[in-house]
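Report on one structure; see the data block that follows.
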There are 2 protein chains.
Amino acid sequence: METVALPTRERILQAAGKLFYGEGIRAVSVDAVAEKAGVTKRTLYYHFRSKDELIAAYLETRDPPNLAWFRRQYAEAEGDVAARIEAVFRALASAAGHARWKGCGFLRTSVELFNMPGHPAMRAGRAHKTRLEDWLCGLFEDAGIDSAAARDLARQVVLLIDGSFAVVLLHRDPGYMESAGRAAGRLVRAALDEPRRATP
Amino acid sequence: METVALPTRERILQAAGKLFYGEGIRAVSVDAVAEKAGVTKRTLYYHFRSKDELIAAYLETRDPPNLAWFRRQYAEAEGDVAARIEAVFRALASAAGHARWKGCGFLRTSVELFNMPGHPAMRAGRAHKTRLEDWLCGLFEDAGIDSAAARDLARQVVLLIDGSFAVVLLHRDPGYMESAGRAAGRLVRAALDEPRRATP
DNA sequence: GAAAGTATACTGCCTAGTGAATATACACCA
DNA sequence: TGGTGTATATTCACTAGGCAGTATACTTTC
């Protein structure tokens, strides 16, 4: 399981990722990260200037695989855009059912640091969510929805996704994600139907 | 401004509320709350057994006024259920525009304590969100939507509300709440139209 | 021998929570 | 009226431990 050959920096980052995601930014001390990485604290501070820098690096590491997960769920689903979006929510619900699932690391970090809007981790969080929104927006435009409506719809789907993360983290009931999926499917279908009325 | 006559316990609770909401649970020390309340830490510990108890008490205090705020926005709006729900989101957007707005205290606290599901503050958070959902559900049932659909719809609106809280706290752009309001309005209207098809 | 990387041991500060003593208020009784 | 007991409410000074971050010295590798 433990790939011993990993360079120190990566090992620290991996340990930080597991602990920060599993227990929260503020709840995890630098000492704990160093210990989990099998490294002394001084070594950690050789590779990262501060805890804040480590937090930001952790989030930046997580951005590409997270987006790839969404893209994969969408690509592997079948049917039209609406059906595929619904499938993404179903995949989300399934993931949320696992014990190790602890919501969205970006969202949770942004809540822990909400009073520091300039914090690099906040920037990373915003960038990630924006990329997700832009990807959805592109999807909807490709399906023939006009630019402004596609943007609005992408935002609504993001709201449902992030709402799911927050609500399911609180209630621990993935059923909310099914509700969110139905809502998203309905909204996408409504948007798909609209241009047909407008251009007969 | 400062009502000096307030009993000590209430003064502590008020100070805790301002600080916890404004800066976050973990970021605020018991000392800070005591100082803001004009009381020694030992006095605070006379009235509250622990910081955790104080946090829970703070959330329980906020539950009734918060629900009342939603009810008021809904009652003061005009039009059918869908239009009133949209008005609530508009009110939310307006509130989120103010500098002191820091998202939803219940949601933020639940994120800070997400790994302690049995924490009294978590229970208070769940109870609050459930009450909000039940209120919405009742509204939809009164409008003639059947019980199961009303429940699903209430959950979807809650998801949009909480999604708004999370996303706007991150991006600091209340425009997302307008998007959420449009989505909610659309979903409510669709649900209102459905029984007419089913019972002609 | 120089640079990169790691280890030990430490500083200074902040944190939640406590021990022991004191002040106030009010009830009961002579 | 005055004294005494008891519960409530408050203070000052303290403990014990966790935290981020650092000074310094050692080791490895090229």
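The chains referred to below are lettered A, B, ... by the order of the sequence lines, with proteins before strands, and numbering in each begins at 1.
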Step-by-step salt bridge (Lys or Arg N to Asp or Glu O under 4.0 Å) determination, B:Lys36 to B:Glu23: CA-CA 13 Å; B:Lys36 175 129 186 161; B:Glu23 300 172 33; over 6 Å; no
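- Side chain of B:Arg155 to backbone of B:Cys137: no donor-acceptor contact under 3.5 angstrom is found.
- One atom, CG of A:Leu54, and another, C1' of D:dA20, lie 12 Å apart when rounded to the nearest Å.
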Counting only pairs under 3.5 Å, give me each side-chain donor-acceptor contact of residues 173-185 of chain B, with atom names and distances, residues two or more places apart or in other chains.
residue, atom, partner, partner atom, Å
B:Asp173, OD1, B:Gly175, N, 2.8
B:Tyr176, OH, A:Glu133, OE1, 2.4
B:Ser179, OG, A:Asp152, OD1, 2.6
B:Ser179, OG, B:Arg182, NH2, 3.4
B:Arg182, NE, A:Asp152, OD2, 2.9
B:Arg182, NH2, A:Asp152, OD1, 2.7

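- Regarding A:Phe20, its CZ atom lies at a distance of 12 Å from the C1' atom of D:dA20, rounded to whole Å.
- B:Trp135 pairs by the ring pair (Phe, Tyr, Trp, His ring centres under 6.0 Å) definition with B:Tyr74, not counting sequence neighbours.
- In this structure, A:Asp31 places its CG atom 13 Å from C1' of C:dC10, rounding to the nearest Å.
- Residue A:His47 places at least one side-chain N or O closer than 4.0 Å to OP1 or OP2 of C:dT6.
- When all heavy atoms are compared, the tightest approach of A:Gly125 to A:Phe106 is CA-CD2, 4.0 Å.
- Heavy atoms only, all atoms of each residue included: B:Tyr58 and B:Leu13 are closest at N-CD1, 4.1 Å.
- Here B:Thr8 reaches the OP1 or OP2 of D:dT10: one of its side-chain N or O atoms lies under 4.0 Å away.
- Taking five base pairs at each end of the helix from C:dG1-D:dC30 to C:dA30-D:dT1, the local helix axes there meet at an angle of 10°, rounded to 10°.
- Taking atom CD of residue A:Glu10 and atom P of nucleotide C:dG5, one finds them 12 Å apart after rounding to whole Å.
- Annotation: ring pair (Phe, Tyr, Trp, His ring centres under 6.0 Å) contacts of A:Phe165 (sequence neighbours excluded): none.
- Note that CZ of A:Arg90 is 11.5 Å distant from CD1 of A:Ile85, once rounded to the nearest 0.5 Å.
- D:dA9 atom P lies 11 Å from atom CD1 of B:Ile12, rounded to whole Å.
- At C:dG5, one or more side-chain N or O atoms of A:Tyr46 fall inside 4.0 Å of OP1 or OP2 (strictly under the cut-off).
- For the residue pair B:Ala121 and B:Ile55, the shortest heavy atom distance occurs at CB-CG2, 3.7 Å.
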Assess the residue pair A:Glu194 and B:Arg186 against the criterion (salt bridge (Lys or Arg N to Asp or Glu O under 4.0 Å)); give the C-alpha distance rounded to whole Å, side-chain angles, the decisive distance to 0.1 Å, and a yes or no. CA-CA 13 Å; A:Glu194 234 147 65; B:Arg186 220 185 249 275; 3.2 Å; yes
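- Side-chain atoms of B:Lys51 come within 3.5 Å of backbone atoms of B:Ile25 as a donor-acceptor pair (strictly under, hydrogens ignored).
- Note: CZ (B:Phe48) to C1' (C:dT18) measures 18 Å, nearest angstrom.
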Which letters describe nucleotides 22-30 of chain D, given B = protein heavy atom under 4.0 Å from base, S = only from sugar-phosphate, - = neither? BBB------
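- Using a 4.0 Å cutoff on non-hydrogen atoms, the parts of residues 21-30 of chain A near DNA chain D are A:Val28, A:Ser29, A:Val30, ordered by number.
- Taking atom CG of residue A:Leu44 and atom P of nucleotide C:dA4, one finds them 19 Å apart after rounding to whole Å.
- A close approach under 4.0 Å does not occur between any side-chain nitrogen or oxygen of A:Thr43 and OP1 or OP2 of C:dT6.
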